[in-house]
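See structure below.
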Amino acid sequence: MYDLHHNTPEFTVSEISQTLKKTVESSFSHVRIRGEVSSFKVHTSGHAYFTLKDEGAVLDAVCWRGSVSRLQVRPEEGMEVIATGKLTTYPGRSKYQIVVESMEIAGEGALLKMLEARKKKLAAEGLFDEERKKSLPFIPKSIGVVTSPTGAVIRDILHRIEDRFPNHVLVWPVLVQGDGAAEQIAAAIHGFNNLPSPPELLIVARGGGSLEDLWCFNEEVVVRAVADSTIPIISAVGHETDITLCDFAADQRAPTPTAAAEFAVPVRRDLAKHLQHHHSRLQDQLDQKLSLLESRVDSLKRGIPDLDSLMGDWTQRLDDWSERLNMSWNTSLKTHHNQVSMISSRLSHPRQTLEKWESALQGVCKRLEPMGMRSINDNQSQLQRWGPLLESYSYERTLERGFTLTLDAQGNVVTSANAINAGDTLNIRFKDGERKVEAKEKVA
Amino acid sequence: MTTNNISELSFEAALQELETLVRKLEEGKVNLEDSIASYERGTALKLHCEEKLREARMRVEKIMVGTPDGTHTTQPFETS
């Protein structure tokens with residue numbers, strides 16, 4: 001047992017570490033390891049350090065600077081990945097680790113989860129907003145296509161464009177899958193935007209494939225390039241059921257490359273037909289207008305009466321009125337003549353008037369003569385009758401019959417008891433003289 | 001509609017103006033003089049549109065990247 005121990009070769013720590021290193025590196029020079037990313041850190045040197053773990057174990061991982069930039073996925077905490085690389089040891093710390101050369105996301109579920117998270121993030125930035133969408137030109141002067149220069153996709157697009165509306169197409173060849181594809185696609189989009197005379201429309205296209213195949217169209221560089229493009233972009237990536245973030249950011253999503261070409265240009269034949277249709281409508285309209293106006297002119301022309309009938313009317317009216325003028329002249333003359341003879345008949349000679357007045361005067365004189373004598377006689381006999389009557393009406397005869405006359409102090413006749421105040425002095429005239437009396441109160 | 005110079009119009013704008021002209025004439029509210037002017041302009045628009053349609057030629061070029069100063073060149077693209 002003791003010997004046995006001594007028979008065992010003796011290593012220094014370095015020797016055993018080196019031996020171990022050789023063994024590990026030769027046995028595990030190319031491995032794929034599935035695990036969850038943890039503690040991912042990029043050192044200032046550019047190398048990345050992290051761990052891969054599962055329920056039972058932890059494995060340190062390092063990714064050298066050169067490999068980091070080529071990684072298809074950017075490792076995130078908790079991401080399930082399959083790392084490809086070789087195992088190595090680090091004798092200085094008694095550690096073993098994997099040197100990662102490439103990495104992919106493990107399983108479609110994990111990939112979709114990541115896609116969803118990225119979509120949310122970019123949507124929150126507004127990259128997919130409807131307001132950002134640019135409208136496609138009706139007929140682009142030229143069209144830029146970002147796709148693989150080989151394969152069915154570019155052929156389909158070119159054929160369909162040629163069928164519909166031949167155009168100037170610029171193809172920017174790119175990888176559409178694998179390392180560096182996303183960067184090339186983004187660079188092509190930027191490149192088209194920066195051309196001295198850029199195309200008026202871009203098509204970004206790729207044929208169908210697995211989620212992993214299409215993954216570069218989900219990369220942020222591509223999505224941002226599409227969203228930032230000032231040229232409108234049609235995205236046609238994969239089949240109808242495949243939707244990438246590139247589709248979301250594009251101004252128009254086409255289900256297939258052929259459909260993208262249909263969105264890109266109208267059908268020239270249809271346009272020509274449409275144009276012809278409108279032009280013939282234009283022609284018809286003018287023709288109609290002209291014939292309408294012509295027939296109106298015709299009908300108006302018929303409505304104009306001939307000169308004779310037009311003049312005849314006026315001539316007749318003139319004749320009529322001149323006739324009436326003559327007649328009225330005669331009538332008026334006759335009337336005046338009658339008036340003159342009527343008035344002149346009433347005009348008498350002054351001698352007649354004188355004779356009339358003379359005889360009237362003689363008549364009056366004859367009647368005046370006897371009237372002078374008769375009036376003198378009448379007056380005399382009347383005077384003889386009225387004298388005694390006047391005498392009998394004198395008040396003095398009344399006084400003789402016992403009546404008295406009451407006079408006030410001024411000698412006026414008092415005829416009313418109300419004209420006398422108590423204490424007034426009155427004169428009562430009798431037939432044989434006057435007596436002064438004083439008035440007492442009025443007898444009720 | 002404000003551009004009097006038809007040759008500066010895009011196909012779309014010219015076609016749209018032609019459509020508008022036709023519609024206006026069909027409403028019948030245009031007097032004779034304007035009708036004739038409309039017809040003349042409509043015909044010119046149609047010719048312009050036809051010219052635009054005739055211009056269409058398929059020409060496919062490929063962008064050649066890779067010059068060190070970042071400029072690009074083009075060359076005819078041959079579909080395989």
Side-chain angles (χ1 to χ4, degrees), chain A residues 137-139 141-146 149-152 154-159 161-174 184 187-188 191-192 194-196 199-200 265-266 268-290 292-293, chain B residues 9-67 70-80:
Chain A
F138 185 57
I139 304 175
K141 283 200 180 72
S142 60
I143 302 166
V145 182
V146 177
T150 57
I154 185 65
R155 271 208 313 275
D156 287 352
I157 291 175
L158 292 177
H159 283 162
I161 289 177
E162 188 157 23
D163 279 352
R164 289 169 69 86
F165 200 111
N167 209 312
H168 181 203
V169 179
L170 282 163
V171 181
W172 195 302
V174 291
Q184 283 192 15
F192 268 135
N194 292 325
L195 284 183
E200 291 185 342
V265 288
R268 189 173 62 154
R269 221 174 19 251
D270 292 352
L271 284 178
K273 221 188 279 174
H274 188 65
L275 189 62
Q276 195 53 50
H277 170 68
H278 271 85
H279 189 250
S280 57
R281 270 167 73 185
L282 184 71
Q283 185 112 41
D284 289 352
Q285 278 309 309
L286 192 69
D287 289 351
Q288 258 180 43
K289 181 122 206 156
L290 285 175
L292 190 80
L293 288 175
Chain B
L9 288 175
S10 71
F11 177 88
E12 200 179 8
L15 184 64
Q16 204 172 11
E17 190 183 336
L18 177 60
E19 287 172 3
T20 312
L21 275 182
V22 171
R23 215 164 291 133
K24 221 166 76 185
L25 282 176
E26 283 173 345
E27 281 169 13
K29 289 175 187 159
V30 186
N31 63 37
L32 180 61
E33 219 168 292
D34 290 347
S35 292
I36 292 167
S38 293
Y39 177 75
E40 281 170 359
R41 187 164 173 87
T43 304
L45 287 167
K46 179 217 170 202
L47 288 176
H48 175 66
C49 284
E50 281 177 343
E51 187 54 37
K52 284 259 167 192
L53 291 184
R54 253 198 305 279
E55 276 171 17
R57 295 271 181 283
M58 197 67 179
R59 181 160 63 97
V60 184
E61 289 176 313
K62 188 164 72 171
I63 302 271
M64 303 297 289
V65 197
T67 45
T71 56
H72 308 299
T73 54
T74 58
Q75 70 174 47
F77 180 83
E78 302 295 335
T79 45
S80 45

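To find a chain, count down the sequence lines: A is the first, B the second, and so on, and within it residues start at 1. All values derive from a computational prediction rather than experimental measurement.
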Check: What pair of heavy atoms forms the shortest contact from B/Phe11 to A/Ile139, and how long is it?
Finding: CD2-CD1, 3.4 Å

Next item on the list: Answer whether the closest heavy-atom distance between the side chains of A/Leu195 and B/Ile63 falls below 4.5 Å.
Entry: yes

Item checked: Residue pair B/Phe77 / A/Leu158, side-chain heavy-atom distance below 4.5 Å -> yes

Margin query: If I measure from the heavy atoms of chain A, does B/Leu25 come under 4.5 Å with its side chain, its backbone, both, or neither?
Written below: both

Note to self: Please report the interatomic distance CD(B/Glu19) to NE2(A/His277), rounded to the nearest 0.5 Å.
What the structure shows: 9.0 Å

Notebook entry, point to check: What part of B/Asn31 lies closer than 4.5 angstrom to a heavy atom of chain A: side chain, backbone, both or neither?
Noted result: backbone

Note to self: Please check: side-chain N/O of A/Arg268 versus main-chain N/O of B/Leu53, any donor-acceptor pairing under 3.5 Å?
What the structure shows: yes

Margin query: Working to the nearest 0.5 angstrom, can you tell me the gap between A/Leu271 CG and B/Lys52 NZ?
Written below: 13.0 Å

Notebook entry, point to check: Considering only heavy atoms from C-beta outward, does the side chain of B/Glu26 approach that of A/Arg281 to under 4.5 Å?
Noted result: yes

Next item on the list: Identify the residue among B/Thr43, B/Leu47, B/Leu45, B/Val22 that makes a side chain to side chain contact (heavy atoms under 4.5 Å, CB included) with A/His279.
Entry: B/Thr43

Item checked: Euclidean distance, A/Leu292 CG relative to B/Ser35 OG, rounded to 0.5 Å -> 10.5 Å

Checklist line | Which atoms of A/Leu170 approach chain B - backbone, side chain, both or neither, heavy atom under 4.5 Å | finding: both

Check: Atom NE2 in B/His48, atom CG in A/Leu275: separation rounded to 0.5 Å?
Finding: 10.5 Å

Check: Can you name the one residue among B/Arg59, B/Lys62, B/Met58 that meets side chain to side chain contact (heavy atoms under 4.5 Å, CB included) with A/Val169?
Finding: B/Met58

Item checked: Interchain contact, A/Gln288 with chain B, by part (heavy-atom threshold 4.5 Å) -> neither

